[in-house]
Amino acid sequence: MGRIGFGVLGLLALAACGDTGIRGSGSGTDLPLVEMQPNAAQIVPPGRWKTGLAVRAFVPDAEGGWVEMPGSRCRVAGGDYFTADLVTPARLVLPDLGPDAPQLVANCTNGQLAGQAVVMPAYGWPEDGRPSGVRRAGWGGGWWWGYEKTGPLVYPDLAVALR
């Protein structure tokens with residue numbers, strides 16, 4: 001194997017180490033990862049890559065602020081497509097479904113306390129301030145090709161208020 005072969009192998013090794021494949025701007029990159037599981041009874045649209053967000057639970061304190069409640073148990077649903085059971089705080093990882101991305105609903109408990117939070121997918125790019133719809137073109141037989149003019153998908157972090 002020549003110099004070029006070793007150079008290519010070295011670049012491949014560096015590429016494999018550097019990218020986790022998880023995109024998203026949410027916090028909690030140092031939290032334990034929990035992967036959302038697909039619903040076997042539902043056809044999931046193809047994902048582009050993976051995205052992630054932090055899931056945390058909080059309780060109000062006496063001074064009107066919030067205190068994090070680690071150890072809260074949560075069930076997060078992503079429409080009919082995905083579910084995940086986790087213990088907070090955690091970093092939730094799911095496929096980026098682009099324009100087909102569902103809202104995420106978290107139901108959490110900690111002892112007698114319970115709460116729910118909902119987060120909608122957010123899209124970047126639109127300079128005019130409003131996202132445009134998905135453009136799709138079909139050519140028969142169920143095949144289609146689509147593109148979006150809304151930019152990359154991110155989910156804001158999920159902060160669940162327990163009461």
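No experiment lies behind these values; they were computed from the predicted model shown.
Val160 and Ala106 get closest at one heavy-atom pair: CG2-CB, 4.0 Å. Closest of all the heavy-atom pairs between Pro95 and Gly47 is CB-CA, 4.5 Å. The two residues Leu113 and Val59 come nearest to each other via the heavy atoms CD1-CG1, 3.6 Å. Taking each heavy atom of Val34 and Ala84 in turn, the nearest pair found is CG1-CB, 4.2 Å. Closest non-hydrogen pair, Leu162 versus Gly115, comes out as CD2-N, 3.5 Å. Across Gly71 and Asn110, no two heavy atoms sit closer than the pair C-ND2, 4.0 Å.
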- Message: side chain to side chain contact (heavy atoms under 4.5 Å, CB included), that's the test. Do Asp157 and Val55 meet it? Break it down for me.
- Response: CA-CA 6 Å; Asp157 290 340; Val55 180; over 6 Å; no
- Could you go step by step and tell me if Thr88 and Leu86 meet the side chain to side chain contact (heavy atoms under 4.5 Å, CB included) rule? CA-CA 6 Å; Thr88 63; Leu86 57 90; 3.9 Å; yes
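The backbone N or O of Glu35 sits less than 3.5 Å from a side-chain atom of Gln37, completing a donor-acceptor pair.
Under a hydrophobic clustering in which Ile, Leu, Val, Met, Phe, Trp and Tyr are joined whenever their side-chain heavy atoms come within less than 4.5 Å, directly or via other members, Leu158 and Tyr81 fall into the same cluster.
Two residues are said to be in side-chain contact when any heavy atoms from C-beta on lie closer than 4.5 Å; Leu97 and Pro102 meet this criterion. Residues Val76 and Met36 are in side-chain contact: their nearest non-hydrogen atoms beyond the backbone lie under 4.5 Å apart. Counting only heavy atoms from C-beta outward, the side chains of Gln116 and Val105 approach each other to under 4.5 Å. Between Leu104 and Tyr155, the closest side-chain pair of non-hydrogen atoms falls below 4.5 Å. In this structure the side chain of Thr51 reaches within 4.5 angstrom of the side chain of Leu94, judged on heavy atoms. Residues Pro32 and Arg91 form no side-chain contact, since every pair of their non-hydrogen atoms from C-beta on lies 4.5 Å or further apart. Contact annotation: the side chain of Glu68 approaches that of Pro89 to within less than 4.5 Å [non-hydrogen atoms, C-beta and beyond].
We find the NZ-CG distance between Lys50 and Leu92 to be 11.0 Å, quoted to the nearest 0.5 Å.
In the displayed structure, Gln42 atom CD is contacted under 6.0 Å by more than 12 heavy atoms of other residues, nucleotides or ligands.
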